[in-house]
Amino acid sequence: MTDTSNARHADSEARVPRQSRLLRLMRYLPLIAPVLLWAVPCGVLLHTGQHWPLPVTLLGTALFAVGLVGMPLAMARGHGRRQQDRAAIVGDTLLGTSWVLFTWSVLLGVLLRLALFVAGVGEGQDRARIVTWAVLGTTAVLLAWGYAEARRVPRVRRLDVHLPRLGAGLDGLRVVLITDTHYGPLDRTRWSARVCETVNTLEADLVCHTGDIADGTAERRRAQAVPLGTVAATRARVYVTGNHEYYSEAQGWVDLMGQLGWEPLRNRHLLLERGGDTLVVAGVDDVTAESSGLAGHRAHLAGALNGADPDHPVLLLAHQPKFVDRAAAAGIDLQLSGHTHGGQIWPFHYLVRTDQPALAGLSRHGTRTLLYTSRGTGFWGPPFRVFAPSEITLLVLRSAPAPTSP
């Protein structure tokens with residue numbers, strides 16, 4: 001017979017050193033990542049058999065060196081203590097550019113080169129130069145397309161969501177979700193107004209914003225956020241904080257949203273009644289709130305549901321999808337979240353999935369709980385969206401159909 005308790009203990013002891021080594025490695029990631037993002041494309045495009053003329057090689061290498069040094073410096077000035085918007089725009093754009101260039105340098109540098117070799121196309125130098133032009137062309141197309149996707153007013157994504165506990169009186173309730181607007185260094189006041197105009201065409205009963213309004217304080221980004229005050233809903237407009245609010249004086253954003261006519265659901269709920277049926281609309285602070293040090297800020301689901309009738313269905317707003325574990329344990333019917341941006345720039349999707357249980361769309365968790373994860377309305381940092389389009393979401397809530405007579 002095996003002593004499973006001893007086996008588990010030995011296994012846990014073995015995991016601790018592995019985890020500590022991983023944590024130590026993660027500390028060096030900010031230093032390692034920029035080097036990889038710029039050095040790998042430099043090698044693939046210039047130094048793997050192309051035999052470019054010396055001036056081309058020197059100039060190209062110098063450009064990559066400028067990117068390697070300039071990107072972290074610009075980001076430090078833009079997102080550090082100085083908060084210089086122009087520097088942030090430069091740093092963020094270089095970050096997005098280097099990520100796309102790195103990705104396709106790796107993919108085409110291996111796969112295309114291998115395909116050309118197998119097909120017997122050209123000699124070594126010819127193949128190397130074909131790869132270089134293919135990487136540069138693909139990167140240019142994806143960046144141009146990704147920039148247009150990021151700056152456009154999001155398309156409306158419509159879907160019906162069936163909630164078995166929803167009363168017939170609430171069938172057809174129209175819930176609009178916007179999230180992760182990320183007002184920031186690039187002034188998007190006009191974009192914000194157009195997003196709100198689009199929301200107002202959807203004839204919503206309830207409009208929800210699940211956080212990450214902006215990168216910056218409410219005072220600094222107020223002009224971009226003010227159009228949110230024009231959003232119309234027949235019943236309520238509700239908001240919860242995201243993690244980025246806690247980088248930028250979250251209470252200021254809570255106060256501003258209140259001034260704009262939105263209900264900040266900070267670990268509390270309101271009741272939405274129609275046709276004799278009731279929906280509990282609850283919200284919690286982001287899971288990072290407690291570590292922010294702001295008094296009274298934390299994700300407290302029990303507090304959000306305090307006093308609510310357990311027989312009523314619950315719609316919960318929580319910024320991060322990973323809160324769904326707690327929601328499912330509490331029997332929540334539907335959780336609305338954002339945070340993931342759908343990955344924003346492929347293949348960052350795969351890294352997001354290591355931290356979150358869902359990337360985008362509707363998913364089931366446990367026996368009752370549904371989670372809808374939005375790809376976000378705006379963008380964070382790099383002004384690009386590649387294979388991860390933004391969205392404004394219209395969710396039409398449906399009750400269980402009445403049983404048919406035999």
Side-chain angles (χ1 to χ4, degrees), residues 149-150 153-159 161 175-184 188 191-192 195-196 198-199 202 204 206-215 221 224-225 228 231 237-248 250 253-254 257 262-266 281-289 299 304 315-327 332 334-345 348-349 351-353 355-363 365 369-382 385 388-395:
E149 280 291 303
V153 174
R155 302 169 184 87
V156 176
R157 187 178 187 188
R158 297 172 169 87
L159 71 158
V161 179
V175 179
V176 171
L177 171 62
I178 58 175
T179 184
D180 298 274
T181 42
H182 283 285
Y183 303 126
R188 282 177 281 163
W191 174 87
S192 179
V195 166
C196 295
T198 301
V199 170
L202 301 178
L206 177 70
V207 180
C208 308
H209 194 307
T210 53
D212 278 9
I213 293 180
D215 297 302
R221 307 300 183 204
Q224 296 182 58
L228 292 173
V231 168
R237 297 173 293 171
V238 292
Y239 155 74
V240 293
T241 56
N243 57 304
H244 278 249
E245 276 86 329
Y246 292 99
Y247 307 149
S248 308
W253 281 110
V254 172
M257 289 298 278
W262 290 68
E263 288 276 353
L265 294 181
R266 295 201 48 247
V281 180
V284 292
D285 292 339
D286 183 62
V287 293
T288 61
L315 169 66
L316 175 69
L317 276 61
H319 177 65
Q320 299 196 40
K322 63 184 175 183
F323 195 81
V324 76
D325 289 345
R326 298 185 224 181
I332 299 299
L334 173 63
Q335 175 179 315
L336 302 184
S337 298
H339 185 68
T340 68
H341 297 208
Q344 187 164 320
I345 304 177
F348 199 74
H349 306 59
L351 295 178
V352 174
R353 284 293 281 117
D355 183 55
Q356 300 292 336
L359 185 70
L362 194 65
S363 56
H365 301 263
T369 304
L370 294 175
L371 165 68
Y372 185 82
T373 306
S374 169
R375 290 184 300 240
T377 309
F379 62 86
W380 170 84
R385 275 187 171 269
S390 55
E391 66 178 79
I392 296 168
T393 317
L394 172 60
L395 304 160

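Because the structure is predicted, anything quoted here is derived from the model rather than measured. Numbering of residues begins at 1 and proceeds along the displayed sequence.
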Check: Gly211 main-chain N/O paired with Glu245 side-chain donor or acceptor under 3.5 Å: no

Is there side-chain contact between Leu334 and Val175, with at least one heavy-atom pair below 4.5 Å? no

Is it true that atom OH of Tyr246 has more than 12 heavy atoms of other residues, nucleotides or ligands lying nearer than 6.0 Å? yes

Do the side chain of Ser248 and the main chain of Asp215 share a donor and acceptor less than 3.5 angstrom apart? no

Do Val231 and Val176 have side chains that get closer than 4.5 Å, going by heavy atoms? no

In this structure, which one of Thr198, Ile178, Ile392 forms a side chain to side chain contact (heavy atoms under 4.5 Å, CB included) with Pro154? Ile392

Do side-chain atoms of Thr210 reach the backbone of Leu317 as a donor and acceptor pair under 3.5 angstrom? no

Flag the pair Val324 / Ser337 as yes when at least one side-chain heavy-atom distance between them is below 4.5 Å, and no otherwise. no

Hey, which of Val284, Leu316, Val287 is the one that makes side chain to side chain contact (heavy atoms under 4.5 Å, CB included) with Arg326? Val287

Measuring only between side-chain heavy atoms, which start at C-beta, is Phe323 closer than 4.5 Å to His339? no

Can any side-chain N or O of Gln335 pair as donor or acceptor with the backbone N or O of Leu371 at less than 3.5 Å? no

For Thr241 and Asp285, indicate whether the former's side chain and the latter's backbone hold a donor-acceptor pair under 3.5 Å. no

Return yes if some donor-acceptor pair links the side-chain N/O of Trp262 with the main-chain N/O of Leu228 below 3.5 Å, else return no. yes

Between atom CZ of Arg375 and atom NE2 of His349, what is the distance when rounded to the nearest 0.5 Å? 9.0 Å

Nearest 0.5 Å, what's the CG-OG1 distance between Leu177 and Thr393? 4.5 Å

Between His341 and His182, does a side chain to side chain contact (heavy atoms under 4.5 Å, CB included) hold up when you go through it step by step? CA-CA 11 Å; His341 297 208; His182 283 285; 3.2 Å; yes

Main-chain N/O of Gly342 paired with Arg385 side-chain donor or acceptor, under 3.5 Å: no

Between Phe379 and Glu149, does the side chain to side chain contact (heavy atoms under 4.5 Å, CB included) criterion hold? Intermediate values first, please. CA-CA 10 Å; Phe379 62 86; Glu149 280 291 303; over 6 Å; no

Tell me if a side-chain donor or acceptor on Asp180 pairs with a main-chain N or O of Asp212 at a distance below 3.5 Å. no

Locate the shortest heavy-atom distance separating Gly343 from Val352; write the atom from each residue and the value. CA-CG2, 4.2 Å

Tightest non-hydrogen contact, residues Pro357 and Pro321, listed as CG-O, 3.7 Å

Value for NE2 (His209) from CH2 (Trp253), rounded to nearest 0.5 Å, stands at 8.5 Å

Reported NE2-to-CG distance for the pair His319 and Asn243, which is rounded to 0.5 angstrom: 4.0 Å

Would you say the side-chain atoms of Gln320 pair up with the backbone N or O of Gln356, donor to acceptor, closer than 3.5 Å? no

Main-chain N/O of Gly376 paired with Thr179 side-chain donor or acceptor, under 3.5 Å: no

If you measure from OG1 on Thr181 to CH2 on Trp191, what distance do you get to the nearest 0.5 Å? 6.0 Å

Between CG of Leu362 and CG of Leu370, what distance do you get to the nearest 0.5 Å? 5.0 Å

Taking all non-hydrogen atoms of both residues, which atom of Ala304 and which atom of Gly283 are closest, and how far apart? CB-O, 3.5 Å

Side chains of Ser390 and Thr377: closer than 4.5 Å at any heavy-atom pair? no

Ser192 and Tyr183 have their tightest heavy-atom pair at OG-OH, 2.8 Å

